[in-house]
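Worksheet: one structure, shown below.
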Amino acid sequence: MLACHVPQPYFWARTPDGTMDLYGQLFRSILWPTWESRIRRRPTLVRHEYLERTQWRSLDELVAIQTGALRRLVRHAYAHVPFYRQRFRQADITEADIKSPEDLRKLPVLTREDARERASDRESVAYPFPTVRKNTGGTTGQPLLFGYDNDSEYWRQAIKLRGYGWAGYHPGDRALYFWGSPTPPGFDFSKARAKVLLDRFMRRETYVPCTVMTEADLRHVVRLLKRNTPKVVVCYTQAAAELARFINRNQLRGWGTIPVLCGAERLFPADRAELERAFGPAVFETYGCREVMLIASECEAHEGLHVSMENILVEIVVTDPDGRERPAREGETGEVVITDLHNLGMPFIRYKNGDLAVAGPADRCPCGRHLSRIAKVEGRAADLLKGADGSFVSGVAFHVLFTGLANAARQFQVVQHRDRSVTLRIVPGDGLDDTSLESIRRGCSQLLKELPVRIETTPEIPLTKEGKRRTVIVEA
C-alpha cells in the first residue's frame, strides 16, 4: 500500500534528468501568481490550494462539501432557471426536497436532446449569467451548444491543476501537447497570434496537432521529444498509442520516464502497455467531457480514476429490466450522469452525457485519498452494436479480440450500417496472413452471431476533424 502523504510544493520540481528547474520555480512562484492573482484577479490559485487540502479529507467531509454546493445549485436553478423550475414542478418537488446527493434521484435525467432543444430555457435569468459559450464536437452528429459562468471556469482550471499534478505536471513545466488541434475550432488565430505564442512560450507548452500522423509527422514528434525532453506529454489517447507503437516498432526511445497524461478517449490495456514501453510506467488516464471538463483523474496508485468531487457530482446508473433506475454496484457498468456543482449560469443537473463507466470501490484508495473512484471508463453508450437478435454488443469486445493480434492489425475500425451489417476495417501489420484473418472472422462470428461482416484492409483509419480516432461507429 502506498503511504498517505501530502506532495511537496510543486515549485521545487526537477527536470526529467534530475536537475533543478530554475525557470519552473520562477514561473510558479512569481510570474504566474502575479499574473493570475494580482493582475487578472482570478481566484484559480486560491481554489487550487483549497483542493490540495480537501483531497485528503474524509469521505464524510467530502460528501458534506458536495452537499453544500448542491443545495446552493438547486436553490439557484429553482429560482432563476426556467427549465429547472418547470422540471421540479413536474416532479412535484421543490428545491427544499433536495437535501443530499441521494435526493437528486427524485429528478429525471437531463438527456442530450433536452439540453440541446431547451438551451435558452436552461440559462439563468439572474446573476451569474453564462459568460463562456462553447459547443461539443458532435461526433454523434448532434453538436450541443452550452455555456457556463466565470466562477465555474475558475473551478475547472483549479481541478485541472490538481488532476494533472497527480501525474507530476505543474504550471511552467516543459510540456508537449499531442492534441487534436493547435487552436480551438473557430478560433481566429491571426488576431491573437502574438498573445497565444507568448502565452505558450511563457508556459513552455509545445503543441503538435495529431490530426495527421504520417511517418514524417511521427518522426517530427520524436525529434521534439529528444530535443526538448518535456516534463510531461499531454495527449489524445489513441494518437499517443499510435505514436508509442511507432516508437517501439522502430526502437526510437531515447529518454527516461516521461509522464503521459491521456485524455479525450478511453485508454485500453494494450495501449497502456505500448505507452509504458515507449515512455515509462508513469501513464495516467483522465476522463472528462467538454460540457464540464475534467471529471476524474488517475493518481499515482493507478487503481481507478478519482472523481473531482468538490466540483462534480457523478452518478453511475443502471436501468433494470422493469425500467427502474438505480445506482450501479461496485464493478457494474452503468451510464454516467453528471451534476456540475458550480455552473450556475447554465446548469447541468443530472446530465446523461452518453458515456458508460464501471463503478469503483467504496474504500479508500491506496494513495490515501478518499475521493470516490470510477473503476474504468468503457466509452460512449452510442458505441454499442446491435446483434441480429436485437441484443447489444459492446465495441470494447473488439479491442479484446484484437489484443492477441497486435502483429496482424496495427489499427481497426468497426462500422455498423443502418441495415445492421458490419464493415471491419483493418490496417495490416506485418503478421496479417490467412491464419490471422480466419481468427478475426471467427471472433467476429462469435461476437455478432448472424450479422454479415465484411472485412476490408486499408492503409490508415482516418481521424475525425477533432483529431480523434473512432474505433466503433454505429450509423444512425
For [Y], is there any backbone N or O sitting under 3.5 Å from a side-chain donor or acceptor partner on [X]?
{"X": "T286", "Y": "S297", "value": "no"}
{"X": "R105", "Y": "P108", "value": "no"}
{"X": "D433", "Y": "S436", "value": "yes"}
{"X": "R326", "Y": "V318", "value": "no"}
{"X": "N343", "Y": "G345", "value": "yes"}
{"X": "T339", "Y": "L341", "value": "no"}
{"X": "Q55", "Y": "E52", "value": "yes"}
{"X": "K231", "Y": "G172", "value": "no"}
{"X": "Q416", "Y": "R420", "value": "yes"}

**Request:** May I have the step-by-step check of side chain to side chain donor-acceptor pair (under 3.5 Å) for Q66 and E310, ending in yes or no?
**Result:** CA-CA 6 Å; Q66 274 193 328; E310 303 93 335; over 6 Å; no
State whether [X] and [Y] are salt-bridged, where the test is any N-O pair (Lys NZ or Arg NE/NH1/NH2 against Asp/Glu carboxylate O) under 4.0 Å.
{"X": "E117", "Y": "R122", "result": "no"}
{"X": "R133", "Y": "E123", "result": "yes"}
{"X": "E113", "Y": "K352", "result": "no"}
{"X": "D173", "Y": "R204", "result": "no"}
{"X": "R350", "Y": "E315", "result": "yes"}
{"X": "E274", "Y": "R272", "result": "no"}
{"X": "E300", "Y": "R369", "result": "yes"}

**Asked** With sequence neighbours excluded, what pairs up with D149 under the salt bridge (charged side-chain N to carboxylate O under 4.0 Å, His left out) test?
**Response** none
Looking at [atom1] of [X] and [atom2] of [Y], how far apart are the two atoms once the value is rounded to the nearest 0.5 Å?
{"X": "R364", "Y": "H370", "atom1": "CZ", "atom2": "NE2", "result": "4.5 Å"}
{"X": "I455", "Y": "C444", "atom1": "CD1", "atom2": "SG", "result": "5.5 Å"}
{"X": "L451", "Y": "S421", "atom1": "CG", "atom2": "OG", "result": "8.5 Å"}

Work out which heavy atom in [X] is nearest to a heavy atom in [Y]; give both atom names and the distance.
{"X": "A357", "Y": "I374", "result": "CB-CG2, 3.8 Å"}
{"X": "P281", "Y": "T257", "result": "CD-OG1, 3.6 Å"}
{"X": "E285", "Y": "L267", "result": "OE2-N, 3.2 Å"}
{"X": "P171", "Y": "L161", "result": "CG-CD2, 3.4 Å"}
{"X": "V427", "Y": "P459", "result": "CG1-O, 3.6 Å"}
{"X": "L432", "Y": "A408", "result": "CB-O, 3.2 Å"}

Without hydrogens or angle criteria, can the side chains of [X] and [Y] be said to hold a donor-acceptor pair below 3.5 Å?
{"X": "N311", "Y": "S308", "value": "no"}
{"X": "E36", "Y": "T44", "value": "yes"}
{"X": "D114", "Y": "Y351", "value": "no"}
{"X": "R454", "Y": "T423", "value": "yes"}
{"X": "E291", "Y": "N353", "value": "no"}
{"X": "H306", "Y": "S372", "value": "no"}
{"X": "E153", "Y": "Q157", "value": "yes"}

Tell me whether [X] at atom [atom1] has more than 12 heavy atoms from other residues, nucleotides or ligands lying less than 6.0 Å away.
{"X": "D434", "atom1": "CG", "result": "no"}
{"X": "D430", "atom1": "CG", "result": "no"}
{"X": "Q251", "atom1": "CD", "result": "no"}

Aromatic ring pairing [X]/[Y], orientation class (parallel under 30°, perpendicular over 60°, tilted between):
{"X": "Y169", "Y": "Y177", "result": "perpendicular"}
{"X": "F284", "Y": "H302", "result": "tilted"}
{"X": "F146", "Y": "F348", "result": "perpendicular"}

**Prompt:** Given E303 and K376, is the salt bridge (Lys or Arg N to Asp or Glu O under 4.0 Å) satisfied, shown in steps?
**Reply:** CA-CA 9 Å; E303 293 193 12; K376 60 181 176 180; over 6 Å; no
**Message:** Quick check with a 6.0 Å cut-off and a 45 degree axis cone: is R200 positioned over the face of Y207's six-membered ring?
**Reply:**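 So R200 does make the cation-pi contact.
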**Message:** L356 vs E335, test: side-chain contact (heavy atoms from CB on, under 4.5 Å). Steps then yes/no.
**Reply:** CA-CA 5 Å; L356 298 173; E335 296 181 279; 3.8 Å; yes
